[in-house]
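Each remark here refers to the structure printed beneath this line.
Side chains included, hydrogens not; waters and symmetry mates left out as well; all remaining heavy atoms used. This chain uses plain numbering: 1 for the first residue, then up along the sequence.
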Amino acid sequence: MTIKEIFDTMDYGPAPESAAEALAWLVDQGSQFGHFINGSFTAPGQTFESKNPATGEVLAELTQATQKDVDAAVKAARAAQGAWAAMGGSGRATYLYAIARLLQKHSRLFAVLETLDNGKPIRESRDIDIPLVQRHFYHHAGHAQLMDEEMSGREALGVCGQIIPWNFPLLMLAWKVAPALAMGNTVVLKPAEYTSLTALLFADICRQAGLPKGVVNIITGDGAVGEMIVNADVDKIAFTGSTSVGRKIREATAGTGKALTLELGGKSPYIVFDDADLDSAIEGLVDAIWFNQGQVCCAGSRLLVQEGVAERFHQKLRARMKTLRLGDPLDKCIDVGAVVDPVQHAEITRMVASAKNCTVHQTAVNMPAKGCFFPPTLIEGLSPADTLMQEEIFGPVLVSTTFRTPAEAVELANNTHYGLAATLWTENVNLALDIAPKLVAGVVWVNGTNMFDAAAPFGGVRESGFGREGGVEGLMAYTKPTGALDTLNPVGAFEGDDKGAAPAGIDRTAKMFIGGKQTRPDSGYSKSVYGPKGDLLGHVGAGSRKDVRNAVEAANAAKGWAKTTGHLRAQILYYLAENLAARAGEFAARIDAMTGKGDGTVEVEASLQRLFSAAAWADKYDGLAHGVPIRGVALGMKEPVGTIGVLCADEAPLLGLISAMAPAIAMGNRVVLAASQAFPLAATDLYQVLETSDVPAGVVNILTGAHKDLGDTMAKHLDIDAVWSFSSTDLSKMIEAASAGNLKRTWVNNGRAFDWSRDQSKRFLQAATEVKTVWIPYGE
Ligand code: NAI
């Protein structure tokens with residue numbers, strides 16, 4: 001191209017980045033890799049090819065790990081973990097800092113290798129992926145340094161199995177490895193089979209940094225290797241990838257005691273209001289859906305535009321699409337590179353081809369004839385229920401629709417089973433801050449999109465998974481409370497024989513507490529409750545599936561509770577405490593009669609304290625404002641999880657129930673409580689206290705009956721957002737496995753018996769809340 005031609009067309013000339021050094025590095029390694037286990041590379045085994053998706057050229061051969069390899073990696077990680085944790089935070093900080101420095105020193109090599117391997121434009125790997133990777137290690141070096149002081153009472157989980165996808169290969173590695181190491185864990189990480197090269201280069205960096213052997217182990221291979229890691233002797237699985245695999249992992253880890261975080265798919269809305277700065281919103285949209293060829297879990301893949309500007313916005317969008325440059329990812333002038341693999345390309349092609357009754361708009365300026373390129377695509381005119389409006393396409397494909405009012409925008413935005421991210425665009429600060437809390441998403445960007453930082457928690461709600469990565473919240477997922485494990489065996493109820501005779505003063509009508517009313521059990525059955533000497537104390541209803549459903553319905557009807565102020569919730573909790581205190585003697589006597597332990601007075605006093613603690617926290621358990629290194633602030637807002645089902649402890653029939661209920665409702669949740677199975681009468685006595693304490697109907701629902709049956713129904717119920725089980729350990733597996741349906745949050749007794757005598761309200765508050773990270777423009 002001549003200079004005159006350039007001036008005539010104003011076209012970009014090619015500006016290719018050299019691949020020479022990255023290719024030379026691969027040749028230096030023999031273009032064949034084994035795994036990185038216990039500080040060194042193993043000899044290559046049975047290999048598979050890793051290709052450049054832009055050209056189809058083979059870059060290297062990688063080893064498919066065997067069970068023996070996985071076992072060796074886990075063994076090395078296990079052997080290294082004790083010393084790594086014992087070294088202390090400041091010692092670990094030194095290594096993380098050294099890794100960050102080395103990543104910086106070799107940043108271009110990493111960027112080029114990433115682009116060769118994944119197909120993403122060099123501009124993105126150079127300016128976004130790799131700088132964020134460095135930032136992650138620097139930031140977490142700081143968290144390691146501060147751990148001893150800031151995380152007292154918590155310790156490393158142990159060995160973490162980490163399975164990552166191919167869309168941000170090194171960045172996902174950094175998100176997982178940096179916090180794990182900072183908190184004293186060791187890791188066995190499996191990169192995605194398409195994109196393992198930067199992980200192997202990272203292994204070399206660990207060696208250069210002098211990281212102790214076994215702290216980081218990297219093994220390569222496909223999903224079968226992922227499965228082996230999930231089933232290995234590890235203490236945690238951290239997974240990012242598809243929702244279907246996430247669900248399988250939830251089922252496979254159920255009842256094993258392995259901690260789990262899942263960062264899964266999304267179909268994130270991109271909302272443009274009629275007063276938005278449309279040109280900025282267009283540029284934002286380019287970042288939302290054509291960044292990384294749309295292979296981004298939080299891609300703004302569903303465009304919602306307000307009707308008044310829809311026509312103009314779409315015109316601008318189509319015009320902008322024509323200027324997107326598609327091509328050689330190593331060219332610095334390229335906007336859209338290659339998708340990761342022919343398999344992914346075929347899947348995107350299939351999904352787009354399935355679109356019916358709509359307009360498909362594609363621009364493919366200069367699209368290379370060869371390679372895995374897919375043109376930027378806009379699909380208009382689909383209805384909200386269409387598959388392409390609901391399912392993740394994971395390619396450069398945008399679907400769009402319009403809305404009339406902000407309320408309709410919220411309804412459309414939330415009409416998805418995912419809940420990862422959302423973007424909204426408006427010049428009206430009131431509107432932005434009114435809509436942000438209403439969006440069901442773990443991350444909300446205001447007048448910007450796809451912004452990430454190590455200090456800002458990232459993660460989803462609903463079927464986008466659970467757990468957060470980044471920030472202090474991310475560290476919680478790599479630590480556990482200190483203390484030994486202890487299996488909790490079922491507590492048996494006392495037996496007796498009343499031969500149908502009801503002692504005087506005992507009300508035979510056993511009831512549940514649902515929607516603020518005492519209702520009869522749907523089953524029509526009740527059970528006798530006996531004291532230690534076989535004396536009949538009363539009767540309780542045998543709760544059934546229908547009772548759980550009724551209670552969930554009542555809880556959902558009380559959604560308004562989430563919007564009340566912490567101040568109001570505190571007042572109600574104080575009032576509850578006051579009313580319970582007035583009947584303290586009666587409750588203590590009831591507990592003593594049921595358990596025969598004689599500690600009823602102590603238990604009631606502790607229950608009152610828990611109510612006071614929860615009331616105290618109701619208006620104080622606030623979020624955090626995260627300083628992020630761009631023009632903006634990321635607000636970590638605490639939101640209630642929703643409806644929580646709880647199997648209450650048997651060891652402390654009143655205290656166990658109140659310790660879970662009080663913090664949950666203090667944070668704005670509604671609860672469905674299954675009373676202690678062995679000693680349920682303290683819970684049924686509580687109905688009257690609740691009725692007289694201004695607790696709105698449906699906020700607290702109490703059922704009696706078999707934990708196994710109630711827990712099973714709760715775990716499977718799609719409108720329950722979390723299940724906590726303080727019942728015996730043998731129920732944990734069933735609950736975790738059944739929760740996979742809607743990927744609800746679980747907190748089960750996996751051999752960690754709870755010490756009810758200690759006030760641990762903060763652990764409940766944490767489990768009762770979800771962090772929503774809201775990015776807003778702020779500062780210069
Ligand atoms: P995937 O979920 O199958 O793969 C992600 C990682 O999990 C890879 O390392 C893979 O080897 C591993 N894996 C696969 N099966 C496993 C199993 N049963 N147990 C343990 N590990 C397993 O994702 P895939 O097949 O690469 O992409 C399919 C779709 O998933 C994409 O089209 C996209 O919709 C979605 N996806 C979402 C991502 C996200 O960040 N949310 C990332 C990648 C894919």
Side-chain angles (χ1 to χ4, degrees), residues 488-493 510-514 521 527 529 538 540-543 547-548 551-552 555 576 580 587 590-591 594-595 597 599-600 603-604 606-608 610-611 614 641 643-666 669-687 689-690 695 699-715 717 720 722-732 734-735 746-750 752-761 763-764 767-768:
L488 189 64
N489 294 316
V491 177
K511 301 242 178 91
M512 311 276 171
F513 187 65
I514 296 176
K527 252 181 91 58
V529 181
V540 289
D547 297 308
V548 174
V552 174
L576 248 173
L580 180 62
F587 272 88
R590 178 67 111 179
I591 294 167
M594 282 194 298
T595 67
K597 285 197 274 180
D599 56 1
E603 186 172 336
V604 175
S607 303
L608 290 169
R610 297 300 176 275
L611 285 167
V641 166
T643 297
I644 304 176
V646 188
L647 301 184
C648 298
D650 285 310
E651 320 87 89
L654 179 69
L655 180 58
L657 182 147
I658 291 204
S659 299
M661 176 200 78
I665 65 172
N669 299 281
R670 289 88 60 196
V671 290
V672 177
L673 307 167
S676 156
Q677 183 176 324
F679 313 120
L681 298 177
T684 55
D685 289 349
L686 203 65
Y687 300 169
V689 180
L690 289 162
V695 179
V699 170
V700 175
N701 304 278
I702 301 179
L703 308 176
T704 52
H707 279 181
K708 189 165 173 286
D709 303 339
L710 297 173
D712 179 63
T713 310
M714 286 179 182
H717 200 300
I720 290 190
V723 174
W724 300 349
S725 171
F726 302 104
S727 198
S728 54
T729 307
D730 61 355
L731 297 186
S732 303
M734 173 269 281
I735 291 170
T746 52
W747 178 12
V748 299
N749 192 334
N750 265 327
R752 187 167 282 271
F754 212 84
D755 177 2
W756 298 103
S757 67
R758 273 176 49 217
D759 186 344
Q760 302 188 57
S761 296
R763 286 184 62 194
F764 289 92

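With sequence neighbours excluded, no residue forms a side-chain hydrogen bond (donor to acceptor under 3.5 Å, both in side chains) with N489. Residues satisfying the side chain to side chain contact (heavy atoms under 4.5 Å, CB included) criterion with V552, sequence neighbours excluded, are V548, N556, V672, H717, D719, I720. Residues satisfying the side chain to side chain contact (heavy atoms under 4.5 Å, CB included) criterion with A649, sequence neighbours excluded, are E651, F726, W756. The side chain to side chain contact (heavy atoms under 4.5 Å, CB included) search around A493 returns A678, not counting sequence neighbours. For the ring pair (Phe, Tyr, Trp, His ring centres under 6.0 Å) test, residues two or more places apart in sequence or in another chain that qualify with F513 are Y687. In terms of the side chain to side chain contact (heavy atoms under 4.5 Å, CB included) criterion, residue partners of A722 (sequence neighbours excluded) are, by chain and number, V641, I644, W724, R745. Residues forming a side-chain hydrogen bond (donor to acceptor under 3.5 Å, both in side chains) with S676 (at least two apart in sequence, or on another chain): D650. When the side-chain hydrogen bond (donor to acceptor under 3.5 Å, both in side chains) test is applied to D547, the partners found at least two apart in sequence or on another chain are S544. D599 meets the side-chain hydrogen bond (donor to acceptor under 3.5 Å, both in side chains) test with no other residue; sequence neighbours excluded.
A donor-acceptor pair is defined here as one N or O able to donate and one able to accept, closer than 3.5 Å; such a pair exists between the side chain of T684 and the backbone of L681. A distance-only check finds a donor-acceptor pair linking the side chain of R670 to the backbone of A555 [under 3.5 Å]. Judged by distance alone, with hydrogens and angles left aside, the side-chain atoms of T595 form a donor-acceptor pair with the main-chain N or O of K597 at under 3.5 Å. A donor-acceptor pair under 3.5 Å links the side-chain atoms of Q760 to the main chain of D755, judged by distance alone.
The nearest pair of heavy atoms linking L647 to A674 is CD2-CB, 3.6 Å. Here the shortest heavy-atom pairing between V540 and P680 reads CG1-CG, 3.6 Å. Closest non-hydrogen pair, R610 versus S757, comes out as NH2-O, 3.2 Å.
Applying the salt bridge (Lys or Arg N to Asp or Glu O under 4.0 Å) rule to pairs touching residues 674-687 yields R590-D685, sequence neighbours excluded. The side chain to side chain donor-acceptor pair (under 3.5 Å) pairs that include a residue from residues 701-711 are H707-S727, where partners are two or more places apart or lie in different chains.
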Run the side-chain contact (heavy atoms from CB on, under 4.5 Å) check on L576 and I658 step by step: do they pass?
-> CA-CA 11 Å; L576 248 173; I658 291 204; over 6 Å; no
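Counting heavy atoms from C-beta outward, I514 and L703 have side chains that approach closer than 4.5 Å. In this structure the side chain of M661 never reaches within 4.5 angstrom of the side chain of V695, judged on heavy atoms.
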